[in-house]
Amino acid sequence: MHPLLFKAGQIARIAFKNRALVAPMTRISASETGVPGEIVQRYYASFAQGGFGGVITEGLYIDSAWSQTYAYQPGIVSDEQVAGWRKVTDAVKAAGSVVIAQLIHGGALSQANIHRTTTIGPSAIKPRGQQLAFYHGKGDYAVPEAMTAQQIEEVIASFANSAERAITRAGFDGVEIHAANGYLLDQFFTDYQNQREDAWGGSIENRLRLTLEVIRAVRNKIGREAMLGVRISQGKVNDFQHKWQEGEAGALKVFALLQEAGVDYIHITEYKAWLPAFENNDRSLVELARVGAPDTVIIANGGLDDGERAEEQLLANADFVAIGKAALANHDWPQRVQQGQALRPLAETVLAPVANIKEDEY
C-alpha cells in the first residue's frame with residue numbers, strides 16, 4: 001500500500017531500511033547537568049524497535065555558555081554527556097535504525113541555562129510570544145544581549161566541535177544543524193529579529209550566513225563521509241505564523257545556498273507540509289526545496305500523521321518523511337502503517353503538564 005515509504009533509502013553513505021524517520025522532539029528528560037540516562041536510552045530505542053528507519057534526537061546543546069535552551073535538556077559537551085549518548089546510539093543501532101544528533105543553540109529563546117543567567121541573540125530585541133510552559137517556562141522571554149563578532153565565531157566553533165564529538169565519540173551516524181523554529185540560527189535569519197548592520201545582517205544572504213558558516217565548519221570537522229543535514233522552517237515555537245518576507249524567490253535562494261554549503265539533506269518542517277508556503281502561490285516549501293536544491297535529499301515534516309499523507313509527499317517531492325506527534329503516540333508507527341493497523345491518538349498526558357518522557361507512554 002505504501003511502496004515508497006517502505007523502500008530502502010540512502011543519505012550520504014548511510015543506508016536506511018525505509019523512508020520513515022522520527023522527527024526531533026524536545027523531551028527534557030536528561031539529568032540537571034544534561035546527561036541522558038536509562039529512560040532516554042529506552043525511549044529512543046523503542047522507536048527503532050517499532051520499525052523507524054532513522055531517529056533524529058531532540059536538540060542537544062553545544063557549549064557550556066549560552067546554548068542550553070531548556071531545563072533538563074541533554075547536551076553533547078561533557079564527557080558524561082557523550083558517554084550517555086553512546087549508550088543511546090548503541091541501543092538504537094542494535095535495534096536496526098540509523099541515529100542522528102540534532103545540534104541546537106537556543107539564543108534568545110533560552111528559558112533555562114545552568115551556565116548563564118542571560119541570553120544572547122543577533123540583536124537586543126525581545127522575542128515575540130511567551131516561554132513554553134510545558135518546558136517549564138513562564139512569562140515573557142528576556143531581552144538578549146546582541147552578540148559580538150567573537151561570540152559568533154565561538155558559536156560556529158561550538159557547533160563544529162560538538163558535531164565531531166557526536167560522530168567520533170558518541171556513535172551517531174550523522175548530525176543535523178537546527179536552523180529552524182526560532183532558535184539562534186533562525187533568529188539570525190529572521191528579518192525582525194536581526195537588525196544588525198554588519199556582515200551578519202541585512203540581505204537574505206547575510207542573514208543566512210551564520211547557518212552557512214556553521215555548515216561549512218561542521219563539514220570541515222566531520223569530513224565528507226559523515227552525514228550532515230540542516231533543519232529549516234518558517235514558523236517558530238514563539239511565532240507560529242511567520243513567513244519569510246522574500247517569498248518564493250527568497251526560498252529558492254535559501255535552498256540553493258544550503259545545497260552549495262554542502263549538506264547531505266535539508267529537513268523542512270511546516271505545520272502541514274503539503275500546503276502552499278506563501279499566499280498567492282501554490283507550491284509548498286517542500287516543493288520549493290526540491291526546485292532550489294535538486295541534488296540534495298529532502299526530508300518533509302509536518303502533519304504527515306498517516307501513511308497516505310507520508311506516501312503523497314514521497315510521490316511528490318520528498319525523499320524521506322519525519323513523523324512527530326504521531327510517532328509519540330505510536331512508537332511502532334511504521335509497523336502499524338505497514339500492517340494496516342489503526343493508529344493511536346496522542347494522549348494529553350504525554351506532553352502535559354510538562355513534556356518529559358513518561359514511563360508508561362509507550
Side-chain angles (χ1 to χ4, degrees), residues 24-36 56-82 84-85 100-124 127 131-132 135-137 141-167 169-170 172 175-190 193-194 200 210-215 217-218 221-222 228-232 236-238:
M25 293 173 285
T26 301
R27 295 310 305 272
I28 55 171
S29 294
S31 71
E32 186 176 3
T33 56
V35 178
I56 308 173
T57 71
E58 61 204 290
L60 315 184
Y61 66 82
I62 58 170
D63 61 27
S64 298
W66 283 278
S67 66
Q68 184 180 354
T69 315
Y70 303 111
Y72 303 102
Q73 176 189 7
I76 188 75
V77 183
S78 70
D79 290 343
E80 293 79 10
Q81 291 168 352
V82 170
W85 280 114
I100 300 167
Q102 188 189 70
L103 306 179
I104 187 175
H105 192 303
L109 294 193
S110 178
Q111 297 184 178
N113 186 347
I114 61 174
H115 305 288
R116 295 288 190 277
T117 58
T118 56
T119 61
I120 56 174
S123 304
Q131 294 186 26
L132 303 181
Y135 294 144
H136 298 295
Y141 291 98
V143 177
E145 301 172 10
M147 292 174 67
T148 65
Q150 179 178 342
Q151 288 173 329
I152 292 173
E153 293 302 324
E154 289 170 351
V155 165
I156 295 169
S158 293
F159 269 105
N161 292 334
S162 291
E164 183 178 40
R165 284 189 289 270
I167 297 295
R169 295 174 55 198
F172 285 98
V175 293
E176 176 175 290
I177 306 305
H178 199 348
N181 302 120
Y183 300 110
L184 181 69
L185 301 187
D186 189 37
Q187 290 160 29
F188 268 81
F189 183 64
T190 301
Q193 199 73 34
N194 182 348
W200 303 100
L210 181 55
T211 296
L212 300 175
E213 290 299 324
V214 165
I215 290 168
V218 168
K221 276 284 187 180
I222 67 175
L228 172 57
V230 63
R231 191 182 212 219
I232 197 160
K236 313 172 191 306
V237 296
N238 63 312

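Keep in mind it's a predicted model, so treat the numbers as computed, not measured. Because only heavy atoms are used, hydrogens play no part in the values below, and waters and symmetry mates are left out as well, while side chains stay in. For the single chain, residues carry numbers from 1 onward in sequence order.
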* Step-by-step side-chain contact (heavy atoms from CB on, under 4.5 Å) determination, Gln68 to His115 -> CA-CA 8 Å; Gln68 184 180 354; His115 305 288; 4.1 Å; yes
* **Inter-residue atom distance Ser64.OG - Gln81.CD, 0.5 Å rounding** => 7.0 Å
* Asked: Is Ser158 reaching over with its side chain to a backbone N or O of Ile156, donor-acceptor style, under 3.5 angstrom?
  -> no
* To do: Measure the shortest side-chain to side-chain distance between Phe159 and His105 over non-hydrogen atoms and say whether it is less than 4.5 angstrom.
  => yes
* **Crowding at OH, Tyr135 (>12 non-hydrogen neighbours, <6.0 Å)** => yes
* Steps toward side-chain contact (heavy atoms from CB on, under 4.5 Å) verdict (Gln73, Leu60) -> CA-CA 7 Å; Gln73 176 189 7; Leu60 315 184; 6.0 Å; no
* To do: Indicate the atoms forming the closest heavy-atom contact of Thr69 with Leu109, along with that distance.
  => CG2-O, 3.8 Å
* Just how far is it from atom CD1 of Ile100 to atom CZ of Arg231, taken to the nearest 0.5 Å? -> 12.0 Å
* Asked: Would a 4.5 Å heavy-atom cut-off, applied to side chains only, mark Pro24 and Glu58 as touching?
  -> no
* Is there a side-chain contact between Thr211 and Val230, using heavy atoms and a 4.5 Å cut-off? -> yes
* To do: Report the distance from atom CG of Asn161 to atom CG of Leu103, rounding to the nearest 0.5 Å.
  => 11.0 Å
* Is there a donor-acceptor pair closer than 3.5 Å between any side-chain N or O of Ser110 and the backbone N or O of Gly106? -> no
* Asked: Is there a side-chain contact between Glu80 and Trp85, using heavy atoms and a 4.5 Å cut-off?
  -> no
* Begin with the C-alpha distance, continue with both residues' side-chain angles, and end with the deciding distance and a verdict on side-chain contact (heavy atoms from CB on, under 4.5 Å) for Tyr61 and Ile76. => CA-CA 6 Å; Tyr61 66 82; Ile76 188 75; over 6 Å; no
* Would you call the rings of Tyr183 and Tyr70 parallel, tilted or perpendicular if under 30° counts as parallel and over 60° as perpendicular? -> perpendicular
* Asked: About how many Å separate CD1 of Ile232 and CG of Leu185, when rounded to the nearest 0.5 Å?
  -> 9.5 Å
* Please report the closest heavy-atom contact between Pro36 and Ala30, naming both atoms and the distance. => N-CB, 4.1 Å
* Side-chain touch Ile152/Leu210, heavy atoms, less than 4.5 angstrom -> yes
* To do: Using atom types as modelled and distance alone, determine if a side-chain donor or acceptor of Asn194 lies under 3.5 Å from a backbone N or O of Trp200.
  => yes
* Looking at Ser67 and Ile104, what are the two nearest heavy atoms and their distance? -> CB-O, 4.0 Å
* CD1 on Ile56 to CE on Met25, rounded to 0.5 Å -> 9.5 Å
* To do: Quick one: do Gln151 and Trp66 satisfy side-chain contact (heavy atoms from CB on, under 4.5 Å)? Show the steps, please.
  => CA-CA 10 Å; Gln151 288 173 329; Trp66 283 278; 3.5 Å; yes
* **Euclidean distance, Thr33 OG1 relative to Ile114 CD1, rounded to 0.5 Å** => 6.0 Å
* **Closest approach of Ala160 to Ala217 (non-hydrogen atoms, all atoms of both residues)** => CB-O, 3.6 Å
* Verify, without hydrogens or angle tests, whether Gln187 (side chain) and Ala108 (backbone) share a donor-acceptor contact under 3.5 angstrom. => yes
* Contact check, side chains of Lys236 and Thr190, non-hydrogen atoms, under 4.5 Å -> yes
* To do: Would you name the heavy atoms of Phe188 and Gly121 that are closest together and state the gap between them?
  => CE1-C, 4.5 Å
* Which heavy atom of Leu184 sits nearest a heavy atom of Val155, and at what distance? -> CD2-CG1, 3.9 Å
* Asked: Would you call Gln111 and Leu132 a side-chain contact if the rule is heavy atoms closer than 4.5 Å?
  -> yes
* So do the side chains of Ile177 and Gln102 get within less than 4.5 Å of each other, counting heavy atoms only? -> no
